[in-house]
Amino acid sequence: MLFGKHINRYYIKYAPRLLLGIVALIVVDYLQLIVPELYQMTVNGINNSTVLGSDGVLYQFNMDFLLDKICLPMIGIIVGMVFGRFLWRICFFGAGIKAETDLRSRMFDHCKELSQEYYQKNKVGNLMSLFTNDLETVQDCFSSGVLMFCDALFLGLLALVKMVNMNLVLALLSLIPLVLLLLIGLTIGKYMTVKWETRQEAFSKLSDFSQESFGGIAVIKAFVKEGKELSAFKKLNKENETANVEYTKLSTKLNIFVTLLVESVICVILGYGGFLVHENVFNAGQLVEYIGYFTAIVWPIMAVSELINMHSQGKASLNRISELLDAKIDVKDADTVTDIDAIRGDIEFKHLTFKYPDGEFNVLNDVSFKINAGESVGIIGRTGSGKTTVADLILRTYNVPDGTVFIDGADINSIPIKTVRKYSAYVPQDNFLFSDTIENNISFASDSKEQAKVIEAAKMSSVHENIEEFALGYKTVLGERGVTVSGGQKQRISIARAIMKDASILILDDSVSAVDVKTEKEILSNLKEMRRGKTTILIAHRVTTIENMDKIIFIDDGRVLAVGSHNELYNSCKEYRLTVDLQQLESKANESGVNNNA
């Protein structure tokens, strides 16, 4: 059995099912121990032609007795055991599957609440191994563990009582190896837990590497690094093999030790039992009956070995799962949050200084600016200047100090996170797409699934014609992370997804960098027209992308150097003017190069 704060609740939740299974198991165990008595009567009847029945009456051993007292009861026992075993299997294994499903849902729900910092420290492959291997191990330990423990306890005690009643000395001799097994098993179990944890960690590393390699297969092939990756994979695979072999060796040694103890007990029974028969303390039938009881108790002995093995695995896997479930939810609502009916789109930063939870230096320093509801705002600056961080903080991806970020005049920390994100739409830099149809990707963030609205959003992002070129159109299923489409198409489908949400605040983070100038102008023109009266924030590197915005925020090295229109910034901010001039020179140089090549 397996105990821990994240698994104990399921013993209570599924107690009726487990108790019914235990009752069925006890009935099966009781019926199973009637069989040796039937063996005893059969052997004694053959030897003596008479049988002493359980009622104390001496019967002649004939066909009528064989049918009435042995065959018919045996048939009843078999039917009862079949039904009982069917029932306890449904109860125990059904409870295990339900507990696994419930625990998986809790894990997934908790994962959704964890901050980006957690996913930066923990790789996808490791998390997937928690949801597969580790969870399956815990489920097996929960269901089979209860079964083995109860079966070993009840069947072992019932058989032991019958063995003691038949001959106390022989029973005590049989118990000596069993006590030795228990003591050694508990000691080995601790080492097996450590070995299983090592095995699971090795598997996680292998899963991480495989996941990254498959995800970056195009880069690996482009740089002809298949050989290097294969060598690295072989190394991790070897480590995984070594961890598995070490655990299997320890498990095998335990099983061999258990087998030797069981065989030694059989030798004791045959030796001393034979002596008792010779001394007329036992008859042949009683020795057969006693061996039958020990045969029944062999399974509980083996179950102890399996239980030690299984518990070590389950404990190690539950420890890994507990690390996930105990992971602190860093970004969450304060107790004082107050929900609001809607968000208009006013955004204000007041003297905000921010660094990432695991960072050593400030990403933003004393940042202040105001965006009025309905404005279109461009944020521009060098790579690493803090532009994306601004978007992250508006969306409450990270915690911010009280009194530094405001939405519609209210401190963002006083508004529920779900409300902030409900009225916001975001197009991130990586333009993640799901392995689903294009239609479902576009309508992902919207309650509406109307194809007319999907097509309208696609037209606004200038990707409709590209989608129509696919054989299945909007029903085309994209590959993993959207590998079926080009970089520019991924950007535009991501923009369409955000457009369809029709949120009060729309944030596009460098979302038109992979499209040509003509398409960029079409998208920006469509956004300006359809987003009238709603706040739109466009983060970009190219000045031409944001020069027609109502307001531009120029950020450099985590500080806001200037806020205003394009002309205002060009005339008042030398850093902005330098950026504009350099980009214009670069553009002219590129055009000159194209003309010369022509």
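Ile380 places none of its side-chain heavy atoms less than 4.5 Å from the side chain of Ile539. Proximity of Leu506 to Tyr426: side-chain heavy atoms (C-beta onward) are nowhere separated by under 4.5 Å. Between Val580 and Leu578 the shortest side-chain heavy-atom distance does not fall below 4.5 Å. No side-chain heavy atom of Leu127 sits less than 4.5 Å from a side-chain heavy atom of Met107. Between Glu468 and Glu465, the closest side-chain pair of non-hydrogen atoms is not below 4.5 Å. A heavy-atom distance below 4.5 Å is not found between the side chains of Phe233 and Lys238. Side chains of Lys370 and Ile347 form no contact here, defined as non-hydrogen atoms less than 4.5 Å apart. Asp411 is listed as a side-chain neighbour of Ser414, based on a closest heavy-atom distance under 4.5 Å.
For Asp366 and Arg559, the salt-bridge test fails: no basic side-chain N is under 4.0 Å from an acidic carboxylate O. Ion pair Asp516/Lys518 not flagged as a salt bridge, since none of the NZ, NE, NH1 or NH2 atoms sits closer than 4.0 Å to an Asp/Glu carboxylate oxygen. A salt bridge links Glu439 with Lys475: the closest approach of a Lys/Arg side-chain nitrogen to an acidic carboxylate oxygen falls below 4.0 angstrom. Salt bridge annotation for Arg104-Glu100: present, with a cationic side-chain nitrogen under 4.0 angstrom from a carboxylate oxygen. Classification of Asp102 and Arg9 as a salt-bridged pair fails, no side-chain N sitting under 4.0 Å from a carboxylate O. The pair Lys534-Asp502 meets the salt-bridge criterion, with a side-chain N (NZ, NE, NH1 or NH2) lying under 4.0 Å from an Asp/Glu carboxylate O.
A side-chain N or O of Asp509 and one of Thr388 form a donor-acceptor pair less than 3.5 Å apart. Of the N and O atoms on the side chains of Asn240 and Arg199, not one donor lies less than 3.5 Å from an acceptor on the other residue. For the residue pair His6 and Arg106, a side-chain donor N or O sits within less than 3.5 Å of a side-chain acceptor on the partner. Counted by atom type alone, Ser129 and Arg320 present one or more donor-acceptor pairs between their side chains at under 3.5 Å. Thr437 and Asn440 are linked by a side-chain donor-acceptor pair at a separation below 3.5 angstrom, with hydrogens and angles left out of the test. Side-chain atoms of Asn413 and Asp402 form a donor-acceptor pair, as typed in the model, at a separation below 3.5 Å. There is a side-chain donor-acceptor pair under 3.5 Å between Tyr398 and Gln116.
Remark: Lys350 is positioned above the aromatic ring of Phe406, its terminal NZ or CZ atom under 6.0 angstrom from the ring centre and at most 45 degrees off the axis.
Annotation for Arg382: atom CZ does not count as buried by contact number, only 12 or fewer foreign heavy atoms lying within 6.0 Å. Residue-environment remark: CD (Gln583) exceeds the threshold of 12 foreign heavy atoms within 6.0 Å. With a 6.0 Å radius and a threshold of 12 heavy atoms from other residues, nucleotides or ligands, Met128 has its CE atom at or below the threshold. Heavy atoms from other residues, nucleotides or ligands lying under 6.0 Å from NZ of Lys315 number 12 at most. Taking a 6.0 Å sphere around CZ of Phe444, one finds it holds 12 or fewer heavy atoms contributed by other residues, nucleotides or ligands.
Using a distance-only test at 3.5 Å, with no hydrogens or angles considered, a donor-acceptor pair links the side chain of Asn526 to the main chain of Glu522. Counting only distance, with no hydrogens or angles, the side chain of Asp346 and the backbone of Ile407 share no donor-acceptor pair below 3.5 Å. Using a distance-only test at 3.5 Å, with no hydrogens or angles considered, no donor-acceptor pair links the side chain of Thr545 to the main chain of His541. Side-chain atoms of Ser231 come within 3.5 Å of backbone N or O of Gly227 as a donor-acceptor pair. Proximity of a side-chain donor or acceptor of Ser525 to a complementary backbone N or O of Lys521 within less than 3.5 Å is not detected.
Nearest heavy-atom pair, Ile546 versus Ala540, reported as atom, atom and distance to 0.1 Å: CG2-CB, 4.0 Å. Contact record, Arg396 with Arg421: O-NH2, 2.7 Å, taken as the closest heavy-atom pair. What you find for Leu352 and Pro401 is that their closest heavy atoms are CD1-CD, 3.8 Å. Between Ser424 and Ala503, the shortest heavy-atom distance links the atoms C-CB, 3.6 Å. The two residues Ala425 and Ala498 have their closest heavy-atom pair at CB-O, 3.7 Å. What you find for Ile97 and Gln139 is that their closest heavy atoms are N-NE2, 3.8 Å.
If you run side chain to side chain contact (heavy atoms under 4.5 Å, CB included) between Gln491 and each of Asn431, Thr519, Val485, only Asn431 comes through.
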I'd like a table of donor-acceptor pairs (distance under 3.5 Å, sequence neighbours excluded) in which one partner is a side-chain atom from residues 327-339, with atom names and distances.
residue	atom	partner	partner atom	Å
Asp330	OD2	Ser115	OG	3.4
Asp333	OD1	Ile417	N	2.8
Asp339	OD1	Thr419	OG1	2.7

Under 3.5 Å donor-acceptor pairs involving side-chain atoms of residues 563-571, not counting sequence neighbours:
residue	atom	partner	partner atom	Å
Ser565	OG	Glu568	N	3.3
His566	ND1	Tyr576	OH	2.7
Glu568	OE1	Ser565	N	3.0
Tyr570	OH	Asp581	OD1	2.9
Asn571	ND2	Asn567	O	3.0

* side-chain contact (heavy atoms from CB on, under 4.5 Å) between Thr536 and Val377: does it pass, once the steps are laid out? -> CA-CA 6 Å; Thr536 303; Val377 179; over 6 Å; no

* To do: Step by step, work out the side-chain contact (heavy atoms from CB on, under 4.5 Å) result for Val405 and Glu348.
  => CA-CA 6 Å; Val405 180; Glu348 185 175 7; over 6 Å; no

* For the pair Phe349 and Ile371, evaluate side-chain contact (heavy atoms from CB on, under 4.5 Å) and give the outcome as yes or no after the intermediate values. => CA-CA 9 Å; Phe349 279 50; Ile371 299 173; over 6 Å; no

* To do: Please assess Ser376 against Asp550 for the test side chain to side chain donor-acceptor pair (under 3.5 Å), listing each intermediate value before the final yes or no.
  => CA-CA 5 Å; Ser376 61; Asp550 298 330; 3.2 Å; yes

* To do: Evaluate side-chain contact (heavy atoms from CB on, under 4.5 Å) for Asp556 paired with Glu575, printing each intermediate quantity in order.
  => CA-CA 9 Å; Asp556 187 62; Glu575 290 85 357; 5.5 Å; no

